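This one's a predicted model, so the numbers in the text were calculated from it and none came from an experiment. Values reported hereafter were calculated over all heavy atoms of this structure, with side chains retained and with hydrogens, waters and symmetry mates removed.
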Amino acid sequence: MTELELEIKKYADAYYQGNEIISDSDYDALIDKLKKEQPDSELLKKVVGSDLKGVSTKYKLDATMGTLEKCNTDEQMREWWNKHPHDNLIAELKIDGNGQLLTYVNGKLAYVRSRGDGEYGDDTTTNVTKVQGVPTQLKADFNGSIRGEVVMFRSTFEKHFPEGKNPRNMAAGIIKRLDGQDCEKLNFIAYDLFDKDNKHDSSEADKLNFLKDNGFCIPRFETNPTLESLKIWKDSLEPNGEIPCDGIVIKQNIVDKDDLKRHTPLNNVAYKPNCQSAVTTIKRIIWQLRGKFFGPVAEVEPVELEGTTVSKASLSNVNIMNELGVYEGAEVIMTKHGLIIPQVDKVLQPKQNAFTVPTACPVCGGEVVVNDSGIPVCMNPACPKKVGHRYSRLFKVFDVKGAGEAFLKNLEDISLPVDDFFAMCMGDDKSILNQFAGGVNGEKVYVQMREALAQPVTAAQFLATFDLKLFDEKKLNQLGNKSLDDILALKYDDIVAIDGYADTTANALLDFLSSYAAEIDSLRKFFTFKSVEEMAAENTGAAAGPSVCFTGACPGYSRGQLTEMANGKYVVKDAVTKDLDILVCADPNSGSSKLQKAAKNGTKLMSYEEFLATLT
């Protein structure tokens with residue numbers, strides 16, 4: 001085997017043995033790399049991984065337990081759709097568990113085999129018969145095998161194994177225990193069968209209905225889905241939901257038994273959530289300075305990722321770089337994870353202490369220190385770059401237009417103190433800012449700042465104008481209807497008692513209030529602050545209707561459209577909090593983590609159909 005094939009085999013074996021050490025998307029990226037570099041590799045013709053570890057006796061499986069071709073992007077799914085017949089399809093939830101094959105003779109359970117390497121498996125009869133949802137006697141006189149997954153539900157995992165890595169790994173470990181301990185905490189979900197008598201397997205729908213009628217738990221499924229409905233369903237999947245799943249399986253409803261004997265059937269496919277990965281090489285590590293903070297970015301060999309060509313990837317911070325073992329020239333796997341700029345997930349051949357962290361600020365020459373979070377920080381409070389970033393925050397809070405990059409750079413170059421800038425805006429010379437912006441842009445900024453300073457503001461708005469990494473206006477608003485003096489007087493115990501704040505954010509807020517105390521006192525004189533009563537009255541008015549939060553996809557409506565439609569009747573929130581009134585979801589019975597949290601808080605659950613009906 002080549003080095004790449006050995007790497008893939010190692011990750012696949014670990015996955016099936018319950019010791020997952022690489023994400024699905026990262027693994028798929030390695031498979032894509034193998035397809036390009038070694039299209040004739042034997043690994044591409046068979047199931048790569050195996051759960052056979054330290055097993056002396058291997059049993060020939062009664063049916064092929066292969067794998068599926070995967071569509072990792074919407075574009076790939078569209079291409080598959082256009083190449084395959086789709087007038088009689090069935091789609092079902094792709095269960096992410098520990099594969100098992102149950103063999104029945106005359107309706108009675110004879111033995112159970114693990115998925116193994118797809119052809120040979122381990123005998124797991126003793127343990128699997130203890131698993132919930134495994135009938136030892138069927139209603140039907142069935143001869144054949146039933147394929148499914150042993151899973152651990154999220155609620156069981158959180159209740160009994162909170163220190164475990166994830167439900168899938170925990171289930172894989174338990175099912176191999178020699179004493180069978182905790183097998184009763186697992187569940188079996190069946191999704192396929194192989195009927196020797198050819199009575200119940202003419203269509204995929206017939207299979208699922210037979211399984212359900214005979215006491216098996218089956219995955220959610222839909223017949224004759226459209227491409228759009230599949231996308232909506234896929235986008236609504238909760239990564240940490242009650243039932244472990246990792247996509248949707250699309251099958252031809254009419255069974256092609258010859259195709260299903262292949263290790264990778266030609267006519268079926270797995271539609272995976274959008275989280276594509278790619279393998280590339282780091283050319284250079286650069287340190288981007290934003291305000292006083294340095295962010296590491298990897299310049300990489302250009303590669304296609306989710307339909308775009310990318311040449312940069314985030315390295316997050318020094319702590320993560322050390323964990324990954326990054327260095328210039330390293331071959332890495334990177335993933336978008338829904339972000340604009342991808343991030344490096346894994347280094348294929350890691351090295352320790354193989355990168356250099358800046359020790360001096362390139363702008364002011366000030367000392368650079370790596371904080372506990374692994375972020376290099378310029379310690380010079382007068383650093384021009386910090387000044388520019390501070391003005392950027394200020395203009396964002398007050399929605400000031402016309403203060404572009406040239407304007408900010410000019411403020412940086414002279415390190416203009418913010419109180420001097422406010423004094424200019426309070427003066428009578430409306431052209432005074434032209435020296436920074438030139439022409440009418442300076443006057444536009446002057447007028448907007450005058451208007452902003454003339455309007456009463458909240459303490460949260462005022463504090464959000466400072467150069468704070470963790471605290472924007474939204475976060476500060478969680479402190480409640482408090483005056484500036486109330487906030488300045490907060491103690492640690494006061495802060496951690498506030499919903500949305502914990503130890504890290506409480507200490508960070510106290511550190512900020514202490515470090516910036518003099519500047520806060522100097523700048524507050526330029527503002528008129530809303531009273532606690534005014535803020536309470538405004539919030540009371542805004543909260544005239546019940547609060548609502550959306551989760552999952554709503555067919556025909558974007559999240560922005562839903563929010564706009566709800567305004568005036570509901571208060572839209574973006575998180576499930578203790579005081580949330582209604583959680584609107586695609587499927588109130590999905591058992592996702594958000595729904596479980598809402599149920600625990602006593603929050604009302606509502607389907608999108610019910611929600612839309614309240615707006616008419």
Side-chain angles (χ1 to χ4, degrees), residues 158 162 240 291 293 371-373 375 390 393-394 396-398 456-521 523-524 527-551 563 566-567 570-584 592-605:
E158 293 178 350
N240 295 312
F293 303 103
N371 64 20
D372 292 340
S373 299
I375 301 171
R390 169 70 188 282
R393 288 289 297 267
L394 171 68
K396 182 178 180 180
V397 170
F398 293 118
V457 300
T458 65
Q461 282 179 296
F462 171 69
L463 293 175
T465 65
F466 286 76
D467 189 23
L468 304 177
K469 192 171 183 67
L470 294 176
F471 302 98
D472 56 11
E473 186 178 347
K474 179 180 174 182
K475 186 66 178 178
L476 291 163
N477 272 328
Q478 292 179 352
L479 296 173
N481 300 323
K482 291 182 172 60
S483 68
L484 181 58
D485 288 326
D486 289 338
I487 293 176
L488 294 175
L490 286 172
K491 305 298 183 185
Y492 174 85
D493 290 342
D494 301 324
I495 301 171
V496 294
I498 297 171
D499 194 21
Y501 281 79
D503 179 73
T504 300
T505 45
N507 285 320
L509 180 61
L510 291 172
D511 181 61
F512 156 68
L513 295 176
S514 174
S515 302
Y516 284 79
E519 190 174 356
I520 291 171
D521 189 59
L523 297 181
R524 66 186 300 174
F527 291 87
T528 301
F529 290 91
K530 294 180 180 179
S531 67
V532 172
E533 291 74 23
E534 287 174 316
M535 288 187 285
E538 289 177 0
N539 290 334
T540 300
S547 58
V548 65
C549 177
F550 303 113
T551 183
T563 299
N567 284 336
Y570 297 96
V571 178
V572 179
K573 294 190 173 184
D574 58 4
V576 178
T577 57
K578 292 180 180 178
D579 59 348
L580 180 69
D581 295 311
I582 301 169
L583 178 63
V584 183
S592 71
S593 55
K594 279 188 177 179
L595 267 62
Q596 291 179 53
K597 184 177 181 182
K600 183 178 179 181
N601 294 338
T603 302
K604 179 181 178 181
L605 301 181

Closest non-hydrogen atom pair, [X] against [Y]:
{"X": "F398", "Y": "V457", "answer": "CE2-CG1, 3.9 Å"}
{"X": "Y501", "Y": "I495", "answer": "CB-O, 3.4 Å"}
{"X": "L463", "Y": "I487", "answer": "CD1-CG2, 4.0 Å"}
{"X": "D472", "Y": "R393", "answer": "CA-NH2, 3.9 Å"}
{"X": "N481", "Y": "V532", "answer": "O-CG1, 3.5 Å"}
{"X": "A506", "Y": "V496", "answer": "CB-CG1, 3.6 Å"}

Kindly write out the residues that satisfy side chain to side chain donor-acceptor pair (under 3.5 Å) with [X], not counting sequence neighbours, or none if the list is empty.
{"X": "S547", "result": "D581"}
{"X": "D486", "result": "S483"}
{"X": "N371", "result": "none"}
{"X": "N477", "result": "none"}

With sequence neighbours excluded, residues passing ring-ring contact (aromatic ring centres under 6.0 Å, His included) with F466: F462, F512, Y516
Sub-4.5 Å side-chain heavy-atom contact between L523 and T465: no
Can you list the residues that meet the salt bridge (Lys or Arg N to Asp or Glu O under 4.0 Å) rule with [X], with sequence neighbours excluded?
{"X": "D485", "value": "R524"}
{"X": "E473", "value": "none"}
{"X": "K482", "value": "none"}
{"X": "K604", "value": "none"}

If you round to the nearest 0.5 Å, how far is [atom2] of [Y] from [atom1] of [X]?
{"X": "T603", "Y": "L580", "atom1": "OG1", "atom2": "CG", "answer": "4.5 Å"}
{"X": "L510", "Y": "S515", "atom1": "CG", "atom2": "OG", "answer": "10.5 Å"}
{"X": "F529", "Y": "E534", "atom1": "CZ", "atom2": "CD", "answer": "12.5 Å"}

